[in-house]
Amino acid sequence: MKVLNSILLPFLFLSLSGCATLSYLIKLGWHQGLILHESIPIEDMMRDEQKNEEIMKKIQFIQEVKRYGEERLGLKKTGIYTKFCEMKSPPLYIITASRKDFLSPYYWHFPIVGRVTYKSFFTLKEVINEKKNLEEKGFDTYIQAVAAYSTLGWLKDPIFSLMLKWDEPVLANILLHEMAHATLYFKGETDFNEQLATFVGNRGSVEFLTDKFGAGSKEVREALDYQEDDLIFARWIDWAYRQLSEFYENPISREEKLKRREEVFNRIMENFREIKSQFRTNCYQDFDKKKLNNAVLIAHRRYLYRLDRFEALYEYLGSDMKRFLRFLKKVKSSKENPHTYLERWMEERKVTFNQKGISVPVSLR
């Protein structure tokens with residue numbers, strides 16, 4: 001029981017957690033404990049001469065990104081990414097839900113992290129059961145497979161084997177995104193936390209890749225292509241969100257909204273197909289194959305909305321990531337809603353918002 005308690009306590013802080021029932025916590029703790037038990041120290045892998053050379057290069061690359069994030073960007077030093085875990089399937093699945101007649105996310109409430117807009121499961125069977133339960137209650141749902149997650153620095157999150165399939169720009173972005181979660185976490189502000197981590201992953205990865213490979217390198221160009229695609233997708237999903245919001249505001253019955261919304265979904269997806277040729281990478285090429293509903297839009301918008309605030313703040317603070325993170329720690333210590341704080345602070349200083357390159361975690365694409 002002592003081992004179980006040592007697992008459950010950190011899981012109260014899991015950034016991808018949800019319902020605070022005892023059975024749910026026990027399942028999370030058991031699966032996380034299994035992952036940690038099966039993880040191999042990086043040092044042991046380095047001594048194994050039979051290990052694939054490409055795997056070793058990726059692991060060394062991860063260590064470089066981690067050091068850069070801690071020493072150059074000011075991210076919190078933790079024991080993450082010091083172990084390796086072989087996985088044949090995604091280590092985690094998350095589910096997002098929404099009302100069908102309104103763009104309103106379903107919230108799960110958790111004692112310490114507060115309310116969250118998605119819930120995590122370690123097995124596909126469990127997340128599918130949650131999906132069935134929510135749909136029986138009349139909610140839209142959307143499941144995403146996740147190849148990386150954060151326990152906010154409370155546990156030694158391992159390197160999962162699936163992460164090694166990403167190229168350097170994607171890998172650096174995701175690593176710094178998860179490290180940002182361990183550095184700053186605002187209770188009950190799921191979207192703010194994800195958008196902040198997205199910005200840090202975006203900016204930090206470009207800085208790291210530029211220092212390592214050079215400003216004109218293939219790696220930096222690829223990272224910028226990903227960001228340009230994200231910017232295009234961000235603008236499109238905001239447009240789609242507005243289209244649906246305006247439709248749901250019509251003074252018609254719920255039954256009529258549910259009947260007619262499929263026409264709106266079809267128009268929205270037709271518009272997406274028209275802009276597909278603008279994408280430089282394949283990140284969003286299959287998006288139009290999804291069955292669109294409210295939860296799908298909410299889940300993707302979660303990582304992209306209003307990131308212009310972070311870009312403007314970052315530039316105002318001298319494009320200094322350490323200074324940027326120190327400022328946000330002051331925002332957190334104020335206990336004020338972070339959205340309200342930033343809006344007021346930036347308005348007082350006449351800081352303008354300019355939409356720039358934005359990146360979303362590729363593990364959630």
Side-chain angles (χ1 to χ4, degrees), residues 16-21 24 93-110 113-121 124 126-146 188-195 198 232-276 284 286-307 337 339-340 343 360 364-365:
L16 298 178
S17 62
C19 182
T21 64
Y24 175 74
Y93 300 89
I94 65 172
I95 186 168
T96 302
S98 169
R99 285 175 47 179
K100 285 180 175 291
D101 61 336
F102 191 70
L103 282 166
S104 175
Y106 182 95
Y107 289 98
W108 288 270
H109 294 268
F110 215 62
V113 297
R115 66 177 191 174
V116 291
T117 60
Y118 48 75
K119 186 177 181 181
S120 60
F121 295 89
L124 185 59
E126 289 175 328
V127 76
I128 288 177
N129 286 338
E130 183 75 3
K131 173 183 172 69
K132 291 178 180 178
N133 291 335
L134 288 165
E135 290 179 347
E136 287 175 358
K137 296 177 181 178
F139 292 98
D140 279 342
T141 63
Y142 180 50
I143 293 175
Q144 295 164 284
V146 179
E189 297 292 341
T190 307
D191 290 6
F192 189 89
N193 290 321
E194 293 300 345
Q195 291 154 16
T198 292
I232 294 170
F233 188 74
R235 288 195 295 263
W236 177 82
I237 209 162
D238 273 346
W239 170 84
Y241 201 89
R242 289 195 302 272
Q243 297 298 306
L244 267 177
S245 295
E246 292 173 4
F247 167 73
Y248 289 134
E249 289 172 1
N250 286 322
I252 56 179
S253 67
R254 182 177 187 276
E255 291 72 20
E256 188 67 16
K257 289 179 181 179
L258 297 186
K259 180 180 179 180
R260 292 172 50 187
R261 74 174 193 160
E262 292 302 322
E263 299 175 6
V264 183
F265 287 148
N266 289 336
R267 290 200 302 271
I268 287 174
M269 206 56 94
E270 287 175 6
N271 181 269
F272 177 81
R273 295 187 183 99
E274 292 176 1
I275 70 165
K276 280 183 66 173
Y284 300 106
D286 293 333
F287 184 81
D288 55 343
K289 295 180 181 179
K290 298 181 185 295
K291 175 63 176 176
L292 194 60
N293 64 33
N294 293 350
V296 172
L297 288 179
I298 287 173
H300 285 276
R301 189 172 182 259
R302 175 189 297 135
Y303 297 88
L304 295 168
Y305 183 62
R306 300 298 303 278
L307 291 183
N337 179 282
H339 298 282
T340 305
E343 292 286 350
V360 67
L364 294 179
R365 288 173 176 157

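Everything numeric in this text was worked out from a predicted model, so none of it was measured.
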NZ/NE/NH1/NH2 to OD/OE distance under 4.0 Å, Arg242 and Glu249: no
Gap between atom [atom2] of [Y] and atom [atom1] of [X] - 0.5 Å precision:
| X | Y | atom1 | atom2 | value |
| --- | --- | --- | --- | --- |
| Thr190 | Arg115 | OG1 | CZ | 8.0 Å |
| Asn129 | Leu134 | CG | CG | 11.0 Å |
| Ile275 | Trp239 | CD1 | CH2 | 9.0 Å |
| Arg306 | Asp191 | CZ | CG | 12.0 Å |

If we only count heavy atoms from C-beta on, is the [X] to [Y] side-chain gap below 4.5 Å?
| X | Y | result |
| --- | --- | --- |
| His300 | Tyr142 | yes |
| Thr117 | Tyr107 | yes |
| Ile298 | Tyr106 | no |
| Tyr303 | Gln195 | no |

Pairwise ring-ring contact (aromatic ring centres under 6.0 Å, His included) hits with a residue in residues 246-275, at least two apart: Trp236-Phe272, Phe272-Phe279, Phe272-Phe287
Identify the residue among Glu194, Gln144, Arg302 that makes a side chain to side chain donor-acceptor pair (under 3.5 Å) with Tyr118. Glu194
Side chain of Asn293, backbone of Thr141: donor and acceptor closer than 3.5 Å? yes
Asn271 side chain to Arg267 backbone, donor-acceptor under 3.5 Å: no
Can you pull the salt bridge (Lys or Arg N to Asp or Glu O under 4.0 Å) pairs that have at least one residue in residues 126-140, sequence neighbours excluded? Lys27-Glu126, Lys100-Asp140, Lys119-Glu130, Lys131-Glu135, Asp140-Arg261
